[in-house]
*Asks:* 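Let me give you the structure first, and then I'll get to my questions.
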Amino acid sequence: MRTTTEQSNQGKVPLLLERTWNRGRRVVANPPMLLSILLLGVFVYLIIVPLISLVHSSVTLHSRDTLRVLGGKVGELTNFYFQRVFASNISEVLFYQPLLNTLLISFSMSALAISIGCILAWVVVRTDIPFKKLFASAAVVPFILPSWTISLAWMTIFKNRTVGGSAGILEYFGVQLPDWISYGPVPIIICMALHYYPFTYLLVGSALRDFDTRLEEAALVLGAKQSIIFRRVILAVVAPAILSSFILTISRGIGSFSTPVFLGNPINYRVLSTRMYASLQTGSPGDAYVIAIVMILLAILLMFLSNKVLGKRKSFVTITGKAPKPQLFKLKKLRIPVTIAVGLFLFCVIVVPLFVLAADTFMRVPGVYSLDNFTLHYWIGESTPGLVDGRPGILRNPSTWAALWNSVKLGISASALCGFFGILIGYTVVRMRGTRISTVLDQLSFIPYLIPSIAFGAIYLSLFAVRRGPIPSLYGSFLLLILATMAKNFPFAAKAGSSAMMQLGHEVEEAGIIAGAGWFTRMRRLILPLQRSGLLSAVMLPFISAMRELSMVVILTTPGTQLLTTLTFQYSDYGFLHMSNAVVLLLVVIIVIMQFILQKITGSDLSEGLGG
Amino acid sequence: MKNTRKGTLIGLTVILLIMALGSVIQAAEEDWDAIIAAAQQEGSLTVYDLSSRMGIAAELFEEKYGIKVEWSKMNDVEISDRVAREHEAGVKGADVIITEDAAILIAQLLPQGYVVNYVPPTHVDLIPVEYQNPLVYRHQPRIIGYNNEVYSELPIKNIWDLTTPAWRGKFMMRDPQLTSTNLAWFAEIIEHADLMAAEYERHFGEPIELTTPNAGWEFIKRLANNRPIIFSSDTDVSEAVGARGQTDPPIGLYVISKHREIEEKNLALEAAYGLEPIMGYLYPTFLVMTANSHSPNAAKLFISFLLDEDGMSAWAKDMGNFSTNPTIPPHEDDPLGGTAAWAQVTFPLNAQTTIKYYADLFDFWLLHAR
């Protein structure tokens, strides 16, 4: 292509026209090229335009604020929101305090999650602890559960009477709890760490597993002290895994919504995400959009910094062939206590929360834990006035089934689209490798990952709330949920698609070309069948994530498009914690079944191999 | 008006004829039987409401007319936001909304044309004119209540007591940011600043020291600083106040109709009768149809139904809800016997007052309630 350009530089106008024509023909005749232009269009529409719309919405006056900005007209340009958020008498409430809280929670939570993950990974991978298989698969369960499961359980156990309502189990048995245990940063940090430690556990675990113990032995032979071996050998090899888990964890922390909303809101402890949600809720979308912009910038900054740090690190290539079976650390006397400790920990983060939630759903009067208070009402009861406003039990309640059906529908349609686009993106990026458009596509597909879920929801709300020229208003439609869920999951789909395609040599397609197969035939008969497993993982991950997503959809759902996740949120908002718990349990059952199917189909296990 | 002109000048008779003709045409448009028939053709309608008892009214309506009511419970802000968005989007959404957010309704939803005020011909002569624009279908008192298992009599004498250290962290209310009526109540308190100042002096024996423009703002600031406990529903508040077996129960602000649950939930609740200068507020609930209604006839029929005894029965069967239809008497258990009496012991809300203070008040609360 370079040579054609140079030649045509010497040409005249007719030549230039011819060149354009030729180029156009080449594009049409070149399916990957055509495809990449189409995909570029999709990305611009689903990612770039919404981002622009977010910025636009943050500088235009919204309807309710005509009561604030006197004489202002809806839709006119204004710096009112930026001023309100950054430099007004309520900036501290709207922005600075929530920002500090967000940073405090994200960093502390990451530190705690990483410590738990590292310890657990080391114990499971490198010691002679028994029940390895069981521990290895149990350790990832908290991440499979919806992220607010543990917070709901925490509330059920540790809630005190400060904010009124029925108290938790501990208070029922006469234990007085101070506020800082019941609500606010401490429980938020703990609950989030317990949800996110599996990131570290998986990454560090696999680094430790691949770690050649002969390096350790070599250091020992060279006379290094244990502390030096740990610092200079083990830590140096594991450090990149820790760093990547730090990035994964903290970026989730910044956007995290459900845990702070359950455990922070009762005492008015706000982080950026919950403050943003409150602003949307209380009819100040302008403030919310400004906060969303800050959240996105914060996430991008973090990613940028971590890339700097990660990029600078020396990488250790340990080419020794297959590492021998690692020498397991003998726990000796500590073997039983450590086993009990790990078992107890996993019991406390998996079994206890689920059990507590389940128990709570059988109590007729919330907070009274006695047998004569037992009821199945919240599961199968008929509508009784005075109990949860006359709602029937969740299994009898049409709104549960409607929400379940919506969740499944959303999961299936978003993940099918994701799989479709994932393969197309993968195909295009790999086939066009080295060209600028391939790089741009690759990077564009990554953007949704940088944007915290709730901010992503806000972006879509800002774009589709009203009709803008050719872009229809999709507010309240199911299509909006599908589009947002699909776009949010683009990064995973694209990754799965391109890594699958990467392994497929060009030869297969060339063979097809020689055999005279057109592009569509090649796709249908060659590429897609060969990519079945890649397609599957590009589909299943978005499906599961759609089933348990809350923070993005919470601002996009309307009464007609209620999902299971938003239903739990709504029940807890009404103060029907037991209804909310029951729906969460239903959700857990579904997710666990889905996860099981996923593992059976793909034959892969998240924790595979870590058990030794 | 037409009657008085009858039998005057011929020229006027012509005008009258034209007017009469006009009104005949209007009456033809408002042929109620035709509306009922058309409504049944439409088959269903969507209602956004704040009250969970809409479920009962919806069933009664379906029973009577065979028209299905799909209703959603949401708060004021959600209702007005959704209606505005649905209108902008031109999608099928709510047909009827029931809102307590008078300021937004009058300053925005009506003038922007998102909703239209409709008084059905069945009730236009019945409902007092002051409740017709926009149409109010019921009133409710939201009152301060206490736990009468622990307190044999009202534990506070004056509303200013809520700002004292003794009640720090022990006053419960719905979130004023989400509950437009609570914010509107604050607006009334500011409007009655002189009364608030006088009450302060009478109660504490010394004039109030202001850090804000007047005693109304000062009350709100002190109330906010006194760490009130914020809930999202009246149910939560009334249960937390009235739960038995407490030693140090809170005081709460909730709709008095929650007293209907005293027996079912075994609560110990009493309203703060005699609290100076007021024991709460009296607020209107508005009933309007959306401009873009996809089932306009069903919407009209439903509005008429809620003004009737049938529709109102969902609320009127318990104490604490007053229809604006004078043929529906207050509940026999009502301790005061009607809205006029309640207006004496509460601040009745006024939309213009809310609009006046809304912008400042919202941020003021956000700033001080931490």
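Computed from a predicted model, the values in this text were never measured in an experiment. In what follows, every chain begins at residue 1, and chains take the letters A, B, ... in the order their sequences are listed. Keep in mind that the numbers below use all heavy atoms, side chains included, and drop hydrogens, waters and symmetry copies.
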*Asks:* Can you check side-chain contact (heavy atoms from CB on, under 4.5 Å) on N265(A) and I230(B), steps first, answer last?
*Replies:* CA-CA 9 Å; N265(A) 274 15; I230(B) 301 303; over 6 Å; no
*Asks:* Would you say the side chain of Q281(A) lies within less than 4.5 Å of the side chain of L178(B), judging by non-hydrogen atoms?
*Replies:*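 The answer is yes; the side chains approach within 4.5 Å.
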*Asks:* What are the two closest heavy atoms between L367(B) and N89(A), and how far apart are they?
*Replies:*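 Taking every non-hydrogen atom into account, CD1-O, 3.1 Å.
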*Asks:* Just how far is it from atom CG of L366(B) to atom OG1 of T282(A), taken to the nearest 0.5 Å?
*Replies:*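 Answer for the CG-OG1 pair, L366(B) versus T282(A), is 7.5 Å.
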*Asks:* Out of curiosity, N268(A) CG to R227(B) CZ, how far, rounded to the nearest 0.5 Å?
*Replies:*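 One finds 8.5 Å between CG of N268(A) and CZ of R227(B).
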*Asks:* Checking an interface table here. Which of residues 104-112 of chain B come within a heavy-atom distance under 4.5 Å of chain A?
*Replies:*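 From residues 104-112 of chain B, the residues near chain A are I104(B), A107(B), Q108(B), Q112(B).
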*Asks:* Using heavy-atom distances under 4.5 Å, tell me whether S284(A) contacts chain B through its side chain, its backbone, both, or neither.
*Replies:*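 S284(A) touches chain B through side-chain heavy atoms alone.
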*Asks:* Go through the atoms of Q562(A) and report whether side chain, backbone, both or neither lie under 4.5 Å from a heavy atom of chain B.
*Replies:*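 Neither part, no heavy atoms under 4.5 Å.
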*Asks:* At a heavy-atom separation under 4.5 Å, does F364(B) approach chain A through its side chain, its backbone, both, or neither?
*Replies:*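 Contact with chain A: none, neither part.
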*Asks:* Around E76(A), counting heavy atoms of other residues, nucleotides and ligands shown, do more than 12 lie under 6.0 Å from its CD?
*Replies:*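 For E76(A), atom CD is crowded (more than 12 foreign heavy atoms under 6.0 Å).
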*Asks:* Mind listing the closest non-hydrogen atom pair of Q177(B) and R275(A) along with its distance?
*Replies:*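 Taking Q177(B) first and R275(A) second, the nearest heavy atoms are OE1-NH2, 4.1 Å.
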*Asks:* Applying salt bridge (Lys or Arg N to Asp or Glu O under 4.0 Å), name anything that partners K170(B), two or more places apart in sequence or on another chain.
*Replies:*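 If we apply the salt bridge (Lys or Arg N to Asp or Glu O under 4.0 Å) test to K170(B), skipping adjacent residues, the hits are D248(B).
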*Asks:* Among residues at least two apart in sequence or on other chains, which ones pass ring-ring contact (aromatic ring centres under 6.0 Å, His included) with F82(A)?
*Replies:*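 Once residues adjacent in sequence are excluded, the partners of F82(A) under the ring-ring contact (aromatic ring centres under 6.0 Å, His included) criterion are F86(A).
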*Asks:* Going by the rule ring-ring contact (aromatic ring centres under 6.0 Å, His included), which residues pair with H331(B) if we only count those two or more places apart in sequence or in a different chain?
*Replies:*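 H331(B) satisfies ring-ring contact (aromatic ring centres under 6.0 Å, His included) with no residue once adjacent residues are dropped.
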*Asks:* Report which part of D234(B) has an atom under 4.5 Å of a heavy atom belonging to chain A: side chain, backbone, both, or neither.
*Replies:*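 Looking at D234(B), nothing touches chain A.
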*Asks:* Quick check against the 3.5 Å criterion: does D363(B) have a side-chain atom that pairs as donor or acceptor with the backbone of I90(A)?
*Replies:*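 The answer is no, because no donor-acceptor pair under 3.5 Å joins these two groups.
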